Amino acid sequence: MTEIAILSGKGGTGKSSLSAALATLASKVVVADCDVDAANLHLVLHPDNYREETYVSGQKAVIDAAKCSHCGACMDYCRFDAIRQTNHTFQVIETACDGCQLCTRVCPEEAISMVNQDKSRWFAADIPNGKMIHARLAPGEDNSGRLVNLVRDQAREAALELNTDLILIDGPPGIGCPAISSLTGIDKVVLVSEPSKSGIHDLKRIVKLAQHFRVKIYVVINKYDLSSSLSKALEDWCQLMRIPIIGKLPFDRLVVDAMVNGESITNWAPDSAISHEIRKIWNKLIQHE
Amino acid sequence: MKIAVASGKGGTGKTLLATNLFNVIQQSGYAVDLIDCDAEEPNDQQFIKGKLQGQQLVTQNIPVIDKDRCTFCGKCQEFCQYNAIIIVRSHQHIRVFEDLCHDCGACGYACQSGAISWQAKTTGTLTTYEYNQHSLLVEGRIAVGVYSSVPLISQAIKGAKPEQITILDAPPGTSCPFIATVNEADFVVLVTEPTPFGLNDLRLSVQALQHLNIPFGVVINRGGLGNQDVHRFLTENKLPLLDEIPFDRRIAQLYSEGELITNNISAYNKQFQELFIRIKKQIEHDRDSHT
């Protein structure tokens, strides 16, 4: 099985637009949208026949006021400042609670219990050339990395079912837990960058992370025509690091038009120069072994 | 007063908004600080070129096990909710996985034989820069490979001075790092772009902020691209549109070079000053309607 992830460090560089295009170019594919905070690919990949499942992201503590003797032990022990005292009642600040359960253990009255966080969902659906899995982490719920792992597990199952070897992962921005979970154990990563100082800064950090996981790295420069000098700087740095640049895409309003019309760019304007360039990227990516 | 600049989708222009807002506020003579809470990929410092004032290492506690004292009873493993301690009793083997540890202290509480002590592990840095004598930029930056930026963000925001304005440049998304930032804010400026992806992610951010009961307003960036659905969404849900920044190639170019648009294009300087006034009015309005 080949797992290819599209990541970027910096947000808004065009990850999802490129992922959508690559997904529609594949003959048979499972798409795993691992941006569990803000999944978008379902808007352009025509998913159908939805299955929705609950994801228990973790647990949060709740204090039973009737049993509480106001000793304050829970507040003293909590390292997340998640317990607040107002007048004479102790309360858990839901958004601060990390679910470690230490308060339930130190409470002499056994007044604290844990409740499941079950507002997050994950989805499986059919797309014209395969399946897609995506998820929605409820606002403020934890363990986005674990949800990414779940999406990837489901994608692998779907790939077996579908009898395909290919999984395409659209990753989240950043380099924290969901990005780490999107990178772990994959074969190739395409890093979408842009010629800006922040783009280059962010690329360097995610390259470092991807190298840590020994993943084969490719770079695509998006909106390369934004600045020729910074585009050159980006290329020079990649060359120095021996990272192949497998494509350079110009800024093109057609990409936005495609999105507005609920299509990937390669489906919306298959004969455009940018779609042609993306097909070249795709060919390089699946041929490079 | 703390104003967070946030968005569900990455790359909508949070940093553009935060740094330029900070710039015009400090130009009008206000004491204002900027805290870059996008600790995974902090970029504010490229636009706000201040004088380095100091750097502080941010650490978390990691349990260290004294194997001479450890009885391999397994209590710490049982108490750890993060699978960060593995014990193989038959082999008298115990191991701590530092990357998985959340620094909750449960293992230390569990241990009856005094075998656990704490060691500090660096998870990132807080760097302070002085800008035009009366303003500060604080940059939070997690080390590559660290899972969660939440403890670092919390620590960065703790340093905010309550008597003055502080701008928080929030991380993208709606999960823990975002919550850790906006939860500390008195008002949130949500930045979006007028595209289907922008709208989808705006909806999620709006739900999150309404759930947390934090007042907010919306700025549309790259106006003129895409379609009118974001405008329609705001009107239908009676959400305040604070400003619209046009799609302008000059903005993209200045941004790519690490330049502030409010220092280079006077029309935008004026627009950001007016935006600041509108944010202040919106905060007062929200405050009045609350009391």
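Quick caveat, the model's predicted, so the values are computed rather than measured. Protein chains get the first letters and strands the later ones, always in sequence-line order, with residue 1 at the start of each.
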Between atom CD of B/Gln81 and atom CG of A/Asp98, what is the distance when rounded to the nearest 0.5 Å? 10.0 Å

Side-chain contact test, heavy atoms from C-beta onward, threshold under 4.5 Å: evaluate it for B/Asn200 versus A/His42 and give yes or no. yes

So which atom in B/Ser175 and which in A/Leu137 form the shortest heavy-atom distance, rounded to 0.1 Å? CB-CD2, 3.6 Å

A/Glu94, A/His212, A/Lys10: which one forms the most heavy-atom pairs within less than 4.5 Å of chain B? A/Lys10

For B/Ala110, is it the side chain, the backbone, both or neither that has a heavy atom under 4.5 Å from a heavy atom of chain A? neither

Under 4.5 Å from any heavy atom of chain B, what part of A/Leu209 do you find: side chain, backbone, both or neither? both

Under 4.5 Å from a heavy atom of chain A, the part of B/Tyr109 involved: side chain

Only pairs of heavy atoms separated by less than 4.5 Å count here; which of A/Val106, A/Thr95, A/Val256 has the most with chain B? A/Val106

Part of B/Tyr82 within contact of chain A (heavy atom distance under 4.5 Å): side chain

Applying a strict 4.5 Å limit to non-hydrogen atoms, the region of A/Ala39 in contact with chain B is backbone

Of the listed residues (B/Ser148, B/Gly11, B/Gly8), which shares the most heavy-atom pairs with chain A below a 4.5 Å separation? B/Gly11

Residue part contacting chain B, namely of A/Val260, when any heavy atom lies under 4.5 Å: both

Considering all heavy atoms of both residues, which atom of B/Val144 and which atom of A/Arg205 are nearest to each other, and what is their separation? CG1-O, 3.9 Å

Select one option (side chain, backbone, both, neither) describing which atoms of A/Pro195 are under 4.5 Å from chain B's heavy atoms. backbone

B/Gln46 versus chain A, heavy atoms under 4.5 Å apart: side chain, backbone, both or neither? side chain

Are B/Glu257 and A/Ser229 side-chain neighbours, meaning at least one heavy-atom pair lies under 4.5 Å? yes

Contacts of type side chain to side chain contact (heavy atoms under 4.5 Å, CB included), residue B/Glu184, not counting sequence neighbours: B/Lys2, B/Ile157

Would you say NZ of B/Lys49 has more than 12 non-hydrogen atoms from neighbouring residues, nucleotides or ligands within 6.0 angstrom? yes

Looking at B/Asn237, I want to see if its CG is surrounded by more than 12 non-hydrogen atoms of other residues, nucleotides or ligands under 6.0 Å. yes

B/Val146 versus chain A, the contacting section by heavy-atom distance below 4.5 Å: backbone

Any non-hydrogen side-chain atom of A/Ser198 less than 4.5 Å from a side-chain atom of B/Phe47? yes

Just checking A/Tyr77: does its OH atom have more than 12 heavy atoms from other residues, nucleotides or ligands closer to it than 6.0 angstrom? no

May I ask you to check whether over 12 heavy atoms, not counting those of A/Arg214, lie within 6.0 Å of atom CZ? no

Would you mind checking which part of A/Asp257 comes under 4.5 Å of any heavy atom in chain B, side chain (CB onward), backbone (N, CA, C, O), both or neither? neither

Considering only heavy atoms, which portion of A/Ile175 lies under 4.5 Å from any heavy atom of chain B: side chain, backbone, both, or neither? both

Would you mind checking which part of B/Asp103 comes under 4.5 Å of any heavy atom in chain A, side chain (CB onward), backbone (N, CA, C, O), both or neither? both

d(B/Asn183 CG, A/Ile93 CD1) to nearest 0.5 Å is 8.5 Å

What salt bridge (Lys or Arg N to Asp or Glu O under 4.0 Å) pairs are there with at least one residue in residues 198-209 of chain B, not counting sequence neighbours? none

Answer with side chain, backbone, both or neither: which region of A/Asp225 has an atom nearer than 4.5 Å to a non-hydrogen atom of chain B? both

Would you mind telling me which of A/Gln59, A/Lys223, A/Arg253 has the largest number of heavy-atom pairs within less than 4.5 Å of chain B? A/Arg253

Selection from B/His102, B/His211, B/Glu193 maximising heavy-atom pairs under 4.5 Å formed with chain A: B/His102

Return the OG to CG distance between A/Ser196 and B/Asn43, rounded to the nearest 0.5 Å. 7.5 Å

Please step through side-chain contact (heavy atoms from CB on, under 4.5 Å) for the pair A/Arg79 and B/Asn61, ending with a clear verdict. CA-CA 11 Å; A/Arg79 291 197 183 175; B/Asn61 291 313; 3.7 Å; yes

Side chain / backbone / both / neither for B/Leu212 at chain A, heavy atoms under 4.5 Å: side chain

So, the part of B/Pro42 with a heavy atom under 4.5 Å from chain A: the answer is both

Looking only at heavy atoms, what is the nearest atom pair of A/Leu102 and B/Cys104, with distance? CD2-O, 3.4 Å

Are the side chains of A/Asp35 and B/Lys9 in touch, meaning some heavy atoms are under 4.5 Å apart? no

B/Gln253 side-chain N/O to A/Leu226 backbone N/O, donor-acceptor pair under 3.5 Å: yes

Using non-hydrogen atoms only, which part of B/Ser149 is less than 4.5 Å away from chain A: side chain, backbone, both, or neither? neither

Return yes when atom NZ of B/Lys75 has more than 12 non-hydrogen atoms of other residues, nucleotides or ligands closer than 6.0 Å, and no otherwise. no

Answer key: most heavy-atom pairs under 4.5 Å with chain B among A/Glu141, A/Arg105, A/His201 is A/Arg105

Can you confirm if the aromatic rings of B/Phe247 and A/Phe251 lie within a centre distance of less than 6.0 Å? yes

Flag side-chain contact, heavy atom, 4.5 Å: A/Arg136 against B/Leu204: yes

Using a cut-off of under 4.5 Å for heavy-atom pairs, which of B/Ala208, B/Ser205, B/Gly258, B/Ala180 has the most such pairs with chain A? B/Ala208

For each of A/Gly9, A/Gly262, A/Ser181, tally heavy-atom pairs with chain B at distances under 4.5 Å, and name the one with the top tally. A/Gly9

Any side-chain heavy-atom pair from A/Val44 and B/Phe197 closer than 4.5 angstrom? yes

